[in-house]
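All residue numbers in this chain count up from 1 along the given sequence. The structure presented is a predicted model; accordingly, all values stated were derived computationally and were not measured.
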Amino acid sequence: MTRDRETGPPGAGTHLRIGGRPVGPYLRARSPALARQVVERLLAELPVYAGLPREEVAGDIADIVQHNLRLFADVVEHRRPATDAELDQQRDSAAQRAEEGVPLDAILTAYQLGTAMCWEEISADAGPGDLADVQAAVAHIMVLQRQLTSAVSAAYLEARQILDSQEHGGRHALLAALLTGDGPGLLRAGPRPAALYAAFTFAFGAHPDETEPGPGSRIATRRKIRRVRAALDRYAGEPALTALDGEGGTVLLPVAATPPWDELCALVEGAAGSAAVPVTAAADVVEPAAVPDAVARTAEIVAVVRSTGRGPGLYRLTDVLLDYQLSRPSAARDGLAKLLGPLECKPELLHTLETFLGCGLDRRTAAAVLHIHPNTVDYRIRRIAGLTGLSPARPADLQHLNAALVARRSLTGGPQEASRPGTS
């Protein structure tokens, strides 16, 4: 039996047809709906995929499934193997899954499952007269499946090898030597230290996916760390030295010269955007010998920033000089904190004082933040003055009150929160 065949793109000859439909165009048109079905089956049959964060399933996983289906359509339509460039997205996806700890066998099973569903879709209405086209389509799909298996496996194993070498190789030794100030260790560590390092301490907020029960939480944490590392590596042009976990950690970024501060601020902001979490950081650019002191200092700066309720972003010592100095143990710090002793049993007054000073002594703004009437703010400020002898209306007292709050925060670990907002 003879059949008319549609002419395909230039150089493609004629379309393969199964069940009266041109295979390539049909599969391309069906790819969005079919991709959703493939993802649903992955979640149903592969526990590791069911444990992935929802954002990742709806984003990275759905994208790579649809990309594969379009590639199947192109390969069958043009009757050729996939090009090396057409497999780049699959390689990148495999490397990401390797960094997240997804097993290789699960990834290959997912590709095989997707291939099977793709074939079921295009061959469902095959008849006896379609035998030649069925055989041709199967041959092209088998070639593509072999290419996918090879490319994905190679990229996955390469990524794992790099991760293992970073964790156990010379870069890890170099980081350890720099952090401990071990001069001889720098010579034994393998890679030569840079002339300068931007020494960072990072504090990460939690991604919503990290609150989900099961393995998805761990995968979300690894993804967050990977995205931060990728942003830092792009900036440096080489892998940064990192010791990071889900809450943050230390980063030594090799630099040829001291970068503009605005540039480093943009780097931290970009890393936060990539990871989709708030990031608080402190940095100092130093020579290798000064790394231990710089890391200790930036860790203290981050602690001060967080204890004083400041927002995410990059900070340096000049941003928190008073808070930093008053957070150091001393008789002066303890004496300043004691100025607020009469308010210790009155959390609503402490909270009002914090808010009032934070709002620039604007009673109406403070009232709006506290959800109380401005007259209540005035009343509480008078009570504070009566109990402590210090009034924000007097410039000299205002300086003491600010300093006393900073000193108190360093002792208690953070700003005062009212136990019952709205009470007086």
Side-chain angles (χ1 to χ4, degrees), residues 49 51-67 88-102 107 155-156 158-160 162-163 166-167 171 175 197-212 215-255 259-283 285 298 301-302 305-306 310-316:
Y49 280 86
L52 289 174
R54 286 175 293 183
E55 176 194 345
E56 186 162 3
V57 172
D60 296 349
I61 302 303
D63 287 346
I64 194 64
V65 168
Q66 191 156 181
H67 174 77
D88 282 345
Q89 192 167 333
Q90 288 88 340
R91 293 190 185 95
D92 183 61
S93 177
Q96 292 181 22
R97 302 293 86 74
E99 292 174 353
E100 294 166 350
V102 178
I107 298 171
Y156 183 96
E158 181 182 12
R160 285 305 323 168
I162 292 172
L163 289 170
Q166 286 178 340
E167 292 171 2
R171 300 191 64 79
L175 174 62
Y197 286 96
F200 288 86
T201 293
F202 280 91
F204 301 146
H207 191 281
D209 287 339
E210 291 182 277
T211 63
E212 296 291 330
S217 174
R218 296 190 297 273
I219 291 171
T221 297
R222 288 194 291 265
R223 183 187 64 208
K224 175 174 69 177
I225 296 170
R226 173 174 54 79
R227 289 178 176 176
V228 170
R229 280 177 176 160
L232 298 171
D233 292 350
R234 283 194 300 271
Y235 176 84
E238 61 178 281
L241 302 177
T242 63
L244 297 172
D245 59 24
E247 295 184 354
T250 301
V251 171
L252 300 182
L253 199 65
V255 293
W261 186 252
D262 289 347
E263 198 171 282
L264 293 180
C265 290
L267 171 62
V268 170
E269 184 178 353
S274 297
V277 296
V279 173
T280 301
V285 180
T298 56
I301 293 170
V302 167
V305 167
R306 300 183 79 184
R310 289 175 167 86
L314 181 63
Y315 294 83
R316 50 188 166 184

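The salt bridge (Lys or Arg N to Asp or Glu O under 4.0 Å) analysis of residues 52-64, with sequence neighbours excluded, yields the pairs Arg54-Glu212, Glu55-Arg223, Glu55-Arg227, Glu56-Arg97, Glu56-Arg223, Asp60-Arg97, Asp60-Arg227.
In terms of heavy atoms, Ala231 sits closest to Leu267 at O-CD1, 3.7 Å. The minimum heavy-atom distance between Gly311 and Thr280, with the atom names listed, is O-OG1, 4.3 Å. Scanning all heavy atoms of the two residues, the minimum distance from Thr298 to Ala199 falls at CG2-O, 3.7 Å. Of all heavy-atom pairs between Val302 and Ala203, the closest is CG1-CB, 3.9 Å. Val279 and Pro312 make their closest contact through O-CB, 3.4 Å (heavy atoms, listed as atom of the first residue, atom of the second, distance).
Here the straight-line distance linking atom CZ of Phe204 with atom CG of Leu244 works out to 4.5 Å at 0.5 Å rounding. The CD1 atom of Ile61 sits 5.5 Å away from the CG atom of Leu52 when rounded to the nearest 0.5 Å.
Atom CD of Gln66 is surrounded by more than 12 heavy atoms from other residues, nucleotides or ligands within 6.0 Å. For Glu238, the CD atom is densely surrounded, since the number of other residues' heavy atoms within 6.0 Å is greater than 12.
Side-chain atoms of Trp261 and Leu314, non-hydrogen and from C-beta on, do get closer than 4.5 Å to each other. Side-chain contact between Lys224 and Pro53 is absent, with no heavy-atom pair separated by less than 4.5 Å. Side-chain contact between Ile301 and Thr201 is absent, with no heavy-atom pair separated by less than 4.5 Å. The closest side-chain heavy-atom distance from Val228 to Val251 is not below 4.5 Å. Annotation: side chain of Leu264 is in contact with side chain of Tyr235 (closest heavy-atom distance under 4.5 Å).
The aromatic rings of Phe200 and Phe202 sit parallel, their planes meeting at an angle under 30°, below the 60° perpendicular limit.
Panel note: side chain Arg229, backbone Ala240; no donor-acceptor pair is recorded below 3.5 Å. The backbone N or O of Gly270 sits less than 3.5 Å from a side-chain atom of Ser274, completing a donor-acceptor pair.
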